[in-house]
Amino acid sequence: MDYLKSHIDLNELVIDMRKITKKFGDFVANDCIDLKVYKGEVHALLGENGAGKSTLMNILYGLYTPTNGEIYIKGKKVDIKNPNVAIHHGIGMVHQHFMLIKPFTVAENIILGIEPITSFYQLNMKKAIEDVEEISKKYGLYVDPRAKIEDISVSMQQRVEILKALYRGAEILILDEPTAVLTPQEIKELIQIMRNLTKQGKSILLITHKLKEIKEAADFCTIIRRGKKIDMVEVSKIDENQLAAMMVGREVNFKVHKEEKRPGKVILQIKELTVEDNRGISTVKDLNLTVQAGEVLGIAGVDGNGQTELIEAITGLRKAKSGQILIKDYDITNKTPREVFESGISNIPEDRQKHGLVLDFTVYENMILENFRKKPFSKKFKLQKENIINFSKKLIEEFDIRPKDENNLARSLSGGNQQKVIIAREVTNDPELLIAVQPTRGLDVGAIEFVHKSLVDQRNKNKAVLLVSFELDEIMSVSDRIAVIYEGKIVGIVDAKKTTENELGLMMAGGGYK
Amino acid sequence: MKQKIINETFLFTILAIVMGLLVGAVVIFISGYNPIEAYGLMIKGIFSKPKYIARTIIRATPLILTGLSVAFAFRTGLFNIGAEGQFIIGALTAALLGYFIQLPMILHVPIVFLGSVFIASLWGAMAGYMKAKFGVHEVIATIMLNWIALYTSNYIISLEKVKMPGSESSYDIQETARMSIDWFKGIVGASTKVNFGMVIAVLASILIYYILFKTTLGYELRAVGYNKDAAEYGGIHIKRNIIVSMSIAGALAGAAGAVHVMGVSYRASTLAAMEGYGFNGIAVSLIGNNSPFGVVLSSFLFGGITYGGANMQLLGIPTEVINIVIGSIVFFVAAYRIFQWITIFFNHEKPQKEDR
Ligand SMILES: Nc1ncnc2c1ncn2[C@@H]1O[C@H](COP(=O)(O)OP(=O)(O)OP(=O)(O)O)[C@@H](O)[C@H]1O
Ligand SMILES: [Mg+2]
């Protein structure tokens with residue numbers, strides 16, 4: 001590779017967090033953690049779901065106050081009481097859930113709160129747009145300042161968030177799982193952007209669960225396990241397996257173990273399905289697909305080629321315009337979500353906070369979201385709390401959801417553990433067909449191993465699994481057959497054992513063959 | 001953990017009430033009166049005679065029911081401004097059924113009560129239907145329905161068959177439709193209209209607690225209230241839930257109207273403006289943290305301050321001061337809640353469990 005990884009200057013320490021401890025009640029989320037970041041560095045933060053990474057970053061950004069510990073910025077001890085203080089010290093943060101105003105334009109969002117004004121105290125939009133264009137050029141972060149947020153893609157929105165921080169003079173950028181929402185191509189672009197930023201002397205704190213990205217982008221990596229700092233390592237001197245082992249505390253198996261299996265009868269059958277998106281454009285066109293018992297069918301494709309609408313049509317959240325969806329010969333076309341569920345389909349939805357969980361419910365209340373009307377969770381109309389609690393305890397144990405307390409609000413769980421709650425619930429339904437959309441987004445390698453195993457277990461139990469993912473690695477290692485979707489059509493189906501990344505990539509770009 | 005949080009909410013509410021009373025004291029002081037003396041009179045006005053206690057309870061009764069109506073809807077993600085209109089409809093129905101039907105008491109009382117509750121629940125369901133079917137925001141729909149209820153009621157009362165000559169009211173309901181507790185009147189005097197309303201209100205709050213937190217219906221309703229999308233994903237029928245929730249809210253406020261007519265006023269009157277039982281329900285619900293039992297407590301507070309506070313007039317203090325005190329309490333409670341919401345939504349530091 002012809003580039004320097006970053007532009008680290010080991011003589012200048014910009015962030016020095018010392019012995020940071022954060023307790024929530026009796027629970028210790030951060031236990032005496034040290035973190036050092038140099039100027040021009042990309043510093044990765046690695047740890048399992050719930051290890052305390054976001055908490056540590058929220059402390060640095062002034063969202064939480066530490067129970068104990070000190071923070072030095074450029075050698076000066078600081079007391080970061082709130083985000084304003086953090087911004088004042090040149091710290092910017094891009095949260096995993098964006099905080100943009102959707103009907104506003106890119107420029108309006110970026111200048112929000114520090115708007116340039118004319119001499120008559122009017123908003124100077126012309127200057128705002130110029131400013132935005134200038135910084136976006138400086139760092140190679142191209143955006144259209146006049147576009148509305150609601151009209152631009154997720155990766156563009158992320159750029160807006162980064163620009164927002166830079167516009168406020170950020171020298172140190174915190175990116176909390178920025179790549180979880182991006183496609184592989186967009187991830188490459190983001191890594192390039194990070195490089196541009198470090199060239200200008202900025203430092204970046206990167207949280208990611210993808211070891212490949214750490215290897216590619218970071219200089220140093222701090223590893224956290226269960227709230228404790230395990231080590232800080234130089235990334236070039238360590239390989240992915242070692243990183244994973246340090247973070248989980250055991251060897252991690254990256255390969256999914258799958259025994260040979262002959263698929264059984266057809267479970268899901270989609271015939272000539274056409275679905276329109278919100279704008280009335282047919283994003284799924286005359287699509288045909290079957291999924292058999294005892295197989296994992298992976299749908300590969302670039303985001304936005306109809307995957308979302310296809311899944312929504314199957315699960316009853318979106319009306320099909322024409323065509324048919326059958327499950328074991330039973331027609332579920334345009335049935336309600338409840339009827340679809342009753343027909344034997346469970347779903348791990350793409351947007352866990354929106355569709356998967358009621359964040360203000362406890363974990364145990366979330367565990368019965370689909371089954372609360374059934375025995376043993378309710379009798380007639382009365383909820384059977386004891387049974388619900390016992391059931392939840394069992395799942396928490398089995399799926400290693402942390403912390404092990406069913407009374408916690410779903411909102412207080414870390415991102416990865418929220419996902420585990422959904423997976424536990426859906427897999428336990430033991431459905432004829434399990435649909436999983438991006439099921440490992442935001443999960444640590446240990447948890448990914450677990451999820452993949454759960455999907456394959458379903459298959460081994462002779463159930464059908466439909467997996468949608470933008471990650472080729474995942475599609476290739478878990479699926480038996482891979483269907484490539486392009487512009488609303490399945491352009492080809494290949495055997496997962498025989499195909500290559502190249503072949504899939506070509507098909508995903510529209511160069512498919514039947 | 002759970003215990004601690006409930007106590008915290010409770011504590012802050014008490015603190016807000018104290019702050020409200022202090023602001024009231026300052027106002028009384030500025031107006032040139034002695035606050036201690038004034039509050040002393042208020043306390044006396046509530047507790048010094050059994051009659052006063054009875055009247056405070058009578059005052060609190062409809063507030064519990066309208067407060068429950070607002071709280072219930074709120075828990076399910078709906079803002080029921082329509083308790084006022086539902087109250088009017090309940091009262092009107094009770095006056096009509098109570099006057100026109102002739103039945104022995106044992107049948108008449110339940111028929112009038114349940115009939116009024118039923119009609120009011122349909123009234124509430126209308127707003128729910130408009131939201132579910134046409135996407136009309138429930139605040140708009142219920143405000144509109146409040147006015148429709150008021151003018152419908154005024155019109156019907158003005159009809160020749162209904163209106164008592166020489167008055168602005170309907171005929172009194174039959175003796176058989178009244179739910180007064182006569183033996184009690186021996187203690188507190190005939191003018192104090194002791195009735196079974198309080199029993200109904202307390203039972204209603206237990207029932208609402210049970211529905212919300214112990215039944216599948218309540219689980220569904222709360223899930224919709226917190227996250228429509230996830231609820232729908234989980235197979236819960238959103239539109240039906242909105243209608244069910246508004247009809248239960250309507251039934252509760254309608255029960256308040258029925259209890260008022262059957263226990264206290266015995267008639268419905270033409271109104272120039274709304275009386276405020278429903279609107280006060282919003283304040284009661286807020287002070288009570290939208291919790292069924294909190295609503296009972298806050299209704300007593302509300303009833304006590306308005307009834308006992310009237311006693312302050314003996315010193316020459318205008319009744320407006322009472323409203324200032326209540327207003328300040330609501331303000332401080334709201335300020336505390338808003339502060340709490342801000343910490344939850346923006347800080348994420350302190351996710352709290354629902355208080356029940
Ligand atoms: N506000 C809170 N109240 C109570 N517990 C909390 C709160 N915030 C976080 N926690 C707990 O602290 C632990 C660390 O959470 P954190 O979000 O920092 O994890 P993370 O390392 O970012 O995980 P992930 O990779 O899943 O995002 C978790 O067990 C979480 O449940
Ligand atoms: Mg996190």
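Throughout, protein chains are lettered first and strands after them, A, B, ... in sequence-line order, and every chain is numbered starting at 1. Side-chain atoms are counted along with the backbone in the values below, which use heavy atoms only and exclude waters and symmetry mates.
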| B/Lys133, NZ: over 12 other non-hydrogen atoms inside 6.0 angstrom | no

| said: Counting only non-hydrogen atoms closer than 4.5 Å, does A/Leu369 touch chain B with its backbone (N, CA, C, O), its side chain (CB onward), both, or neither? | reply: both

| Can you say whether A/Glu339 sits under 4.5 Å from chain B via the side chain, the backbone, both, or neither, judging by heavy atoms? | neither

| field | Winner by heavy-atom pair count (cut-off under 4.5 Å) against chain B, out of A/Ser378, A/Pro349, A/Pro337, A/Gly356 | value | A/Pro349

| field | Residue selection (most heavy-atom pairs with chain B, distance under 4.5 Å) from A/Ile368, A/Asp26, A/Leu359 | value | A/Ile368

| task | Could you label the plane-to-plane angle of the A/Phe372 and B/Tyr219 rings as parallel, tilted or perpendicular, counting under 30° as parallel and over 60° as perpendicular? | result | tilted

| said: With rounding to the nearest 0.5 angstrom, report the CZ to CD distance, A/Arg373 to B/Glu220. | reply: 4.0 Å

| task | Report the distance from atom CG of A/Leu409 to atom OH of B/Tyr226, rounding to the nearest 0.5 Å. | result | 8.0 Å

| task | Show the numbers, then the answer: is there a side chain to side chain contact (heavy atoms under 4.5 Å, CB included) between A/Leu383 and B/Thr216? | result | CA-CA 6 Å; A/Leu383 291 174; B/Thr216 52; 3.8 Å; yes

| note | For residues 227-240 of chain B against chain A, heavy atoms under 4.5 Å, the residues are B/Asn227, B/Asp229, B/Ala230, B/Glu232, B/Tyr233, B/Gly234, B/Gly235, B/Ile236, B/Arg240

| task | Select one option (side chain, backbone, both, neither) describing which atoms of A/Phe341 are under 4.5 Å from chain B's heavy atoms. | result | neither

| query | So with a 6.0 Å cut-off around CE of B/Met19, is the heavy-atom count from everything else above 12? | reply | no

| message | A quick test of your reading: do over 12 heavy atoms of other residues, nucleotides or ligands sit less than 6.0 Å from NZ of A/Lys375? | response | no

Donor-acceptor list for residues 121-130 of chain B side chains, cut-off 3.5 Å, not counting sequence neighbours:
from	atom 1	to	atom 2	distance (Å)
B/Ser121	OG	B/Phe118	O	3.0

